[in-house]
Amino acid sequence: MSATDNKVRVRIAPSPTGDPHVGTAYIALFNYAFAKKYGGDFILRIEDTDQVRAKSSSEALILESLRWLGLEWDEGPDKGGPYGPYRQSERTAIYREHAEILLKKGHAYRCFCSNDRLTELRRQQRLQGLPTGYDRFCRSLGEGEVQARMAAGEGHVIRLMMPTEGVTKFVDEARGELEFENHRLDDQVLLKSDGFPTYHLANVVDDRLMRITHVIRAEEWISSTPKHVILYQAFGWPQPKWCHMPLLRNADRSKISKRKNPVSLSYYRRAGILPEALINFLGLMGWSFGNDVEVFTVKQMMEKFEFAGINLGGPVFDLVKLTWMNQTYMHKMDDSRFVSYLRDEIFSPSYLKALKPLVLERMSRFEQFVDHNGFFFSGALDYKNLEIIPKGKTPEELSLMLGQLVELLDELYDWHAPQIQALIEKHKDEIKWKPKDYFLTLRMIATGRKDSPPLFDTLAVLGREMVRFRIRDYVNHLASVTPLS
RNA sequence: GUCCCCAUCGUCUAGCCCGGUCCAGGACACCACCCUUUCACGGUGGAUACGGGGGUUCAAAUCCCCCUGGGGACGCCA
C-alpha cells in the first residue's frame, strides 16, 4: 500500500433539493477539521440522484455557502479532481455497472413489485404491529420469469439480497461497537426503475471509488450503516471508518427543521451572521475545545479535534447564543472589514438593485431611504404598536391562518412575486378572508408597518426564510400577549 | 408498532474511559450591583443541573442493571 492510500479522505455529500442547510455546514465543518488535522483531502460530492426533487439552482447555492464559510474543498464538481465526476447524476453508468456486478455475484435481484403493492404491504404490516419492510416476494422469481418480464419491458428495480441470519457489526468512532441483526434488515432498493441509483448504492460506490477513508455524517444514518457495511462486503471492499455526529435540534429537541428554525445558510448570511461566528458556534455543537475555551478558529479546532471528544447528546441550536458569538466577532472587526461587510453583505449592489423598483417611486429625497425601508435590512420586528389582529377575528383564528400560510409558503417551488401572489390569493379565498384583512395583516407582519411597497414584491425580495421567520416570530409574540385559553 | 442511539444548570458544555481532588467548573440567557449624561460594551456577584430506582464499592456524576424520558430510522428521499 502506498503512502497515498493512507491519506485521510473525507467528503460532504449534500443533496441539492433546496436552500443550503445549516446541518450540511455542521457536518462539513467536522469533516473538514478532521481531514485538515491529518493533512487529508476534503471532497465535495453532489448527490443529485432524486430526479424529482433535485434543483440545479440549489447546487450553486450550496457551493457558494460552503465557500462563504471558508470550508473550501480539494475536489468537487466545480474544480474536478482525480476521482470525478463529482456529481452523481453524471455517474449513472458506474452505478448500473456495479448493480450488475452484485446481480452476477448473487447479492442482488430484480424486483417487479409495484408501488401500490409496496404501499399496501407496509400498511398491512403497520396494522398488524409488524416491522415494516419488503417481504422479499421477488427473491424467489425464477430466472426464466425474470428474463421474460424484462423482455416484455416491465419496469423493475434492483434490490440488495440481505443475509437472513447472523449479525452485522461495525465500530462507530464516537460510540463504539454497534450491532444489528441481519434478519431485520430490509432488501434495500439499489437501482430505481428510472435507472438512477438510490442513496445507498451511489453513496457506497462513490465512497469506495473516491477512496474515502472516514465517513463522518449525521446520526440519522446509523440505522442504514449495517446495510452499507453489507454492501461493502458484497463488493469485497474494505470498509471506511464510521463516525456519526449527533443531530442538531430544534428547541423542542426534535431534529432541526425549517418549520421550527431558520435552517438556510443564506438566511444567516442575510441576517448578518459572520461566517467565522457561525462556524465557531457550530463547532460548539457536540464538541468542545477544552479548558473552557469557547471562541476559536477552524484552524485551532482542527488541531484539537478527536472523535473521542464528541458529546453524543443532541445539541439544541440556540439562536441567542449564536447571536452572542457573532457579537464577540463583530466587536473585534477592524475598520476596513466593518466597511466592506456592510457594503458587500448588507447594502450589497444586488440587493439595492432588487429594491430600487419597489422603493424609488415612494421617495422624494434619498434621506428617506433608511427610515422607510428599515425592514428590508432588519430581522425581528417590533409589533407592539400595531393593531394586527383584524376586527372580527380572534387571535386563535389568526394564529391558525398564519400556521397554514407558513406551510404553504414552504411548499412553494418558485419564490417569485407572481407565484407568491397566486398562492396567497388562493389561501385567502379558501379560508374566506376579506382581502383587506388578509393583506394588511400580512403586510404588517412582514414589514412591521402599515405602509410599504407592493406586498408580493416585498415578500419576494425579503426571501422565503425571512418571511417565514417573521411570521413565526409574530405567532410567538401573539401567544405571549394573548395567553391562549 | 419494530429496531437503534442518547441522557450533567432553561440552553451549549467540562468532568465520565482510568471511582475519592465535584456539597459538580465554564459559557449563553436571566437577576442584582459597579462603571456610565442614555443605551450598549465591560466588571463583580447571584440563582439554576448529575432524570428515577436498584446494585458494586470504604467511596459513584463517574462502573453495572432496570425504569423513565428524549431522539432517530423503518421510502423506487437523501
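All chains are named by letter (A, B, ...) in the order of the sequence lines, taking the proteins before the strands, and each is independently numbered beginning at 1.
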Got a sec, which residues hit side chain to side chain donor-acceptor pair (under 3.5 Å) with [X], two or more places apart in sequence or on another chain?
X	result
A/R472	none
A/H107	none
A/S257	A/N250

Would you mind listing every salt bridge (charged side-chain N to carboxylate O under 4.0 Å, His left out) that reaches into [range], with sequence neighbours excluded?
range	value
residues 237-254 of chain A	A/D252-A/K260
residues 282-297 of chain A	A/E294-A/K321
residues 84-96 of chain A	A/E59-A/R87, A/R87-A/E90, A/R91-A/D206

Is there a Watson-Crick or G-U wobble partner for [N] with both distances under 3.5 Å, and if so, which one is it?
N	value
B/rG20	B/rC58
B/rU37	none
B/rC74	B/rG1
B/rG10	B/rC28

Hey, is the main chain of A/Y109 close enough, under 3.5 Å, to the side chain of A/R139 for a donor-acceptor pair? no

Integer-rounded Å distance: [N] [atom2] and [X] [atom1]:
X	N	atom1	atom2	answer
A/N182	B/rC3	CG	P	16 Å
A/E177	B/rC4	CD	P	14 Å
A/F281	B/rU13	CZ	C1'	12 Å
A/E294	B/rU11	CD	P	16 Å
A/L29	B/rC12	CG	C1'	15 Å
A/I256	B/rG70	CD1	C1'	17 Å
A/E181	B/rC5	CD	P	12 Å
A/E173	B/rC5	CD	C1'	16 Å

Give the residues of residues 305-321 of chain A touching RNA chain B, defined as any heavy atom closer than 4.0 Å, sorted by residue number.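 Per residue number, the list reads A/N311, A/L312, A/G313, A/G314, A/P315, A/V316, A/D318, A/V320, A/K321.
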
A/V215 meets the side chain to side chain contact (heavy atoms under 4.5 Å, CB included) criterion, sequence neighbours left out, with A/R11, A/D207, A/I212, A/R217, A/P240, A/W242

- Message: Holding to side chain to side chain contact (heavy atoms under 4.5 Å, CB included), I want the full list of residues that pass it with A/E465, two or more places apart in sequence or in another chain.
- Response: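 Result, side chain to side chain contact (heavy atoms under 4.5 Å, CB included) vs A/E465: A/D19, A/P262, A/V263, A/S264, A/Y267, A/R468.
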
Between A/Y199 and A/E47: side-chain donor-acceptor atoms closer than 3.5 Å:
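No.
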
What donor-acceptor contacts under 3.5 angstrom involve side-chain atoms of residues 299-316 of chain A, with partners at least two apart or in another chain?
from, atom 1, to, atom 2, distance (Å)
A/Q300, OE1, A/T297, N, 2.9
A/Q300, OE1, A/T297, OG1, 3.4
A/N311, OD1, A/G313, N, 3.0

Interatomic distance, OG@A/S266 vs CZ@A/R464, rounded to 0.5 Å, equals 11.0 Å

Can you tell me how far [atom1] in [N] sits from the matching atom in [M], rounded to whole Å?
N	M	atom1	answer
B/rG19	B/rC63	C1'	8 Å
B/rG51	B/rU68	C1'	8 Å
B/rG1	B/rA47	C1'	44 Å
B/rC3	B/rU11	P	29 Å
B/rA49	B/rU13	C1'	12 Å
B/rA7	B/rG46	C1'	28 Å
B/rC31	B/rU48	C1'	12 Å
B/rG15	B/rC22	C1'	8 Å

### Task
Would you mind classifying the nucleic acid contact of A/M285 as base, sugar-phosphate or nothing, using non-hydrogen atoms under 4.0 angstrom?
sugar-phosphate

Please tabulate, one pair per line, each protein N/O and nucleotide N/O from nucleotides 41-52 of chain B that are separated by under 3.5 Å, including the distance.
none

A/F137 and A/F112: ring-ring contact (aromatic ring centres under 6.0 Å, His included), yes or no, with the steps?
CA-CA 9 Å; A/F137 181 80; A/F112 298 86; over 10 Å; no

Heavy-atom contacts, protein to nucleotides 71-78 of chain B, under 4.0 Å, summarised as B (base), S (sugar-phosphate only) or - (none) per nt, yield SSSBSBBB

Open item on the list: Tell me whether the side-chain N or O atoms of A/Q128 pair up with the base of B/rG1 as donor and acceptor below 3.5 Å, since no angle test is needed here.
Closed with: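 Looking at the base of B/rG1, it does not pair with any donor or acceptor on the side chain of A/Q128 (distance under 3.5 Å).
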
